[in-house]
Visitor: 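Here it is, the structure in full.
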Amino acid sequence: MSNNTRNPDRTLKLGAVLFGVGGPGQHTTWLDPDIPTNASVDVHWYIARAQQAEAAKFDHVFIVDSQFITPDSPHHYLSRLEPLTLLSAIAVHTSHIGLVGTITTSYNEPFNVARRLASLDHISGGRAGWNVVTSGDAGTAGNYGRDEHYDYATRYGRALEHVQVAQGLWDSYEPDAFPRDRERGVFFDRTRQHTLDHRGEYFGVVGPLNLERTPQGQPVIFQAGDSEEGRDLGASIAEAIFTHAPTLARAQAFRREMRARVAAKGRDPEHLLIVPGISPVIADTDEQARAKDDAARGGRSFERALAELGRPFGWHDFTRYDLDAPFPDVGDAGERSFRTAAEAITTLAREGGLTLRQVVEHQLDAQRSPFVGSPLTVADEIQRWYEADAFDGINITVNSAREFARFAEQVVPILQERGVVRAEYSATTLRGNLGLPIPTNRHTLAREAGSLDAVEVGTW
């Protein structure tokens, strides 16, 4: 039952995560003849999937990214297109669907990020979104001339300031800064242009941004991070949070916690969407779907799972240990990487007295989807979780056009008929379709309040 924390006018939001030849745990995905073996670098594959999602009235497509790999990285990670370049190509072949890309705050400068995202927002007519990350792969440091990765405090301190600076730059021009009045010969109103003059702990940026205000005011801020620092950052800046929801109870608890954190920051929790990723398995009957799930799980590679286990621990090599000995003590190997995931794995092993083999087997089994069955069964379960306040939206992993069509053409119509998912787009911008407000330009707000001197980074 609902705990009455949901806006009754809001519908379930749908996202498509385009994973090409296979992300984490998808060891044999690329063997499916429905998936081009070069899907992860084929712009036409991405465009076709985005159009497929748009036809089903999805809210956004999402392009994940990282900037460090090893030979053991998932197949999709080994060779994939840069997110904003790719999303700009998708933008001119779609008209309504949102375009969300991952950009790290650890190894980018706010001015360049603000300009690139604002450009995508203009190109798409107001459909850009930024998934803010802090680079969990510690090896990224070596690709940017650093001897070691930033510690957690620095990563998240940089992230908060980075986003606030970008938001300040997006307010460089007020909405009426460019009259472009040929009769009066007035192209630009210089009183509506504003420098930032920011000097903070991590960044110094003068501004202004050399691009006018975008169609939706500012790109939508998404965030993904489960550590204490990550949750605090999400509460501070996120409008939507990507997460993982292994059980209904844990999903409900996460949503309650994040809404409370947002409220404690003085923000409106109604302007925060919780959007976990799910991997539905669909067949004509529940029995066929379970058999399909079992077959897919049986095809996963223990050896690749063992190698991938190293990623949260800074790509520590677990293949050198005795599989049937107790889980090894690897010290602080995950301290500057995906620390929260590494700690969870270590705690599981210690408390359960598990061997390394058992940990790997648990990781394989832990990926089992709660959404397995016929289209009706999967639709019922999604609706049950949604109405129980477990999430505000879901991200569907997309590899195969055929399998995605099962969800888009068989599950989504059931949810639309029930009013859980909208049947038509309600706006042309990502903010409009997500039900999120357009941020008021801080300089306009200050002007109306009669105090332009009060504007600084982090004020709003």
Side-chain angles (χ1 to χ4, degrees), residues 6-19 46-64 83 86-87 90-91 93-102 117 120-121 123-132 214-224 238-243 245 255 270-280 371 378-379 382-383 385-386 390-398 404-405 407-409 411-438:
R6 185 175 305 288
N7 184 337
D9 298 324
R10 182 173 284 168
T11 52
L12 176 71
K13 306 308 175 187
L14 299 176
V17 190
L18 307 184
F19 260 122
Y46 285 100
I47 290 170
R49 300 293 74 71
Q51 291 173 334
Q52 191 178 10
E54 188 169 68
K57 305 302 183 288
F58 270 56
D59 292 271
H60 66 267
V61 292
F62 171 35
I63 307 299
V64 301
L86 171 58
L87 290 169
I90 293 174
H93 291 277
T94 54
S95 59
H96 286 78
I97 197 163
L99 308 165
V100 184
T102 295
L117 282 162
L120 176 61
D121 210 42
I123 290 168
S124 65
R127 295 183 281 137
W130 174 15
N131 178 40
V132 176
T214 72
Q216 59 178 349
Q218 296 183 6
V220 178
I221 300 296
F222 293 74
Q223 185 266 347
E239 296 168 285
I241 292 180
F242 293 141
T243 184
R255 184 173 183 271
E270 287 298 315
H271 297 162
L272 176 72
L273 305 176
I274 303 301
V275 188
I278 71 169
S279 298
F371 304 96
V378 171
I382 289 173
Q383 182 175 359
W385 283 46
Y386 176 64
F391 45 58
D392 303 287
I394 49 177
N395 272 329
I396 307 299
T397 300
V398 178
F404 184 44
F407 183 85
E409 299 172 9
V411 176
V412 171
I414 296 172
L415 296 172
Q416 289 173 330
E417 184 178 350
R418 296 174 179 179
V420 176
V421 173
R422 59 151 187 269
E424 294 294 339
Y425 285 109
S426 56
T428 59
T429 67
L430 179 56
R431 286 189 175 278
N433 285 317
L434 293 179
L436 296 172
I438 294 176

Visitor: Could you tell me which non-hydrogen atom of Ala224 sits nearest to which non-hydrogen atom of Asn131, and how far apart they are?
Guide: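 Scanning both residues, the minimum pair turns out to be N-OD1, 3.7 Å.
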
Visitor: Is the shortest side-chain heavy-atom distance between Leu12 and Gln383 below 4.5 Å?
Guide: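 Leu12 does not reach Gln383 side chain to side chain.
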
Visitor: For residues 429-438, which residue pairs qualify under salt bridge (charged side-chain N to carboxylate O under 4.0 Å, His left out), counting only residues two or more places apart or in two chains?
Guide: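 Listed once each, the pairs are Glu239-Arg431.
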
Visitor: Specify the closest pair of heavy atoms between Thr102 and Pro83, including all atoms of both residues, with the distance to one decimal.
Guide: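 Heavy atoms of Thr102 and Pro83 come nearest at O-CG, 3.7 Å.
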
Visitor: Taking the side chain as every heavy atom from C-beta outward, state whether Arg10 and Glu270 have any pair of such atoms under 4.5 Å apart.
Guide: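 Yes. Closest side-chain heavy atoms under 4.5 Å.
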
Visitor: Tell me the closest heavy-atom pair linking Gln416 and Ala56, and the distance in Å.
Guide: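 Answer, listing the atom of Gln416 first, then Ala56: NE2-O, 3.8 Å.
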
Visitor: Is there a side-chain contact between Tyr46 and Leu87 in this structure, where contact means two heavy atoms from C-beta onward sitting under 4.5 Å apart?
Guide: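 Not touching, per the 4.5 Å side-chain cut-off.
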
Visitor: Do Lys57 and Val421 make a side-chain contact, defined as non-hydrogen atoms from C-beta onward lying under 4.5 Å apart?
Guide: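 Lys57 vs Val421: side chains apart.
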
Visitor: Within the 4.5 Å heavy-atom criterion, are Gln218 and Thr214 side-chain neighbours or not?
Guide: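 SC-SC contact between Gln218 and Thr214 ruled out.
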
Visitor: Say you draw a straight line from CZ of Phe407 to CD1 of Ile278; how long is it, rounded to the nearest 0.5 Å?
Guide: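 Interatomic distance, Phe407 CZ to Ile278 CD1, rounded to 0.5 Å: 5.5 Å.
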
Visitor: With a 4.5 Å heavy-atom cut-off, do Lys13 and Asp392 have their side chains touching?
Guide: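 Not touching, per the 4.5 Å side-chain cut-off.
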
Visitor: Going by heavy atoms in the side chains, are Thr429 and Ile438 under 4.5 Å from each other?
Guide: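 Counting from C-beta outward, Thr429 and Ile438 never come under 4.5 Å.
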
Visitor: Please report the shortest heavy-atom distance between Glu409 and Pro413, naming the atom on each side.
Guide: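 Closest approach of Glu409 to Pro413, heavy atoms only: O-CG, 3.4 Å.
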
Visitor: If the condition is side-chain contact (heavy atoms from CB on, under 4.5 Å), which residues does Gln51 pass it with, not counting sequence neighbours?
Guide: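 side-chain contact (heavy atoms from CB on, under 4.5 Å) check on Gln51 returns Ile47, His93, Thr94.
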
Visitor: Determine the minimum heavy-atom distance between Ala91 and Leu120, stating which atoms define it.
Guide: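 Reported closest heavy-atom pair: CB-CD1, 4.5 Å.
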
Visitor: Who pairs with Pro215 by side-chain contact (heavy atoms from CB on, under 4.5 Å), at least two apart in sequence or on another chain?
Guide: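 Partners of Pro215 by the side-chain contact (heavy atoms from CB on, under 4.5 Å) criterion, ordered by chain and then number, come out as Asp121, His122.
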
Visitor: Is there a side-chain contact between Val61 and Leu99, using heavy atoms and a 4.5 Å cut-off?
Guide: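 In contact.
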
Visitor: Which residues satisfy the ring-ring contact (aromatic ring centres under 6.0 Å, His included) test with Phe19, sequence neighbours excluded?
Guide: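 For Phe19 the ring-ring contact (aromatic ring centres under 6.0 Å, His included) partners, ignoring immediate neighbours, are His76.
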
Visitor: Once salt bridge (charged side-chain N to carboxylate O under 4.0 Å, His left out) is applied, do any residues pair with Arg422, and if so which ones, sequence neighbours excluded?
Guide: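 For Arg422, the residues satisfying salt bridge (charged side-chain N to carboxylate O under 4.0 Å, His left out) (neighbours in sequence not counted) are Asp59.
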
Visitor: For Phe58, what residues pass the ring-ring contact (aromatic ring centres under 6.0 Å, His included) criterion, not counting sequence neighbours?
Guide: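 For Phe58 the ring-ring contact (aromatic ring centres under 6.0 Å, His included) partners, ignoring immediate neighbours, are Phe404.
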
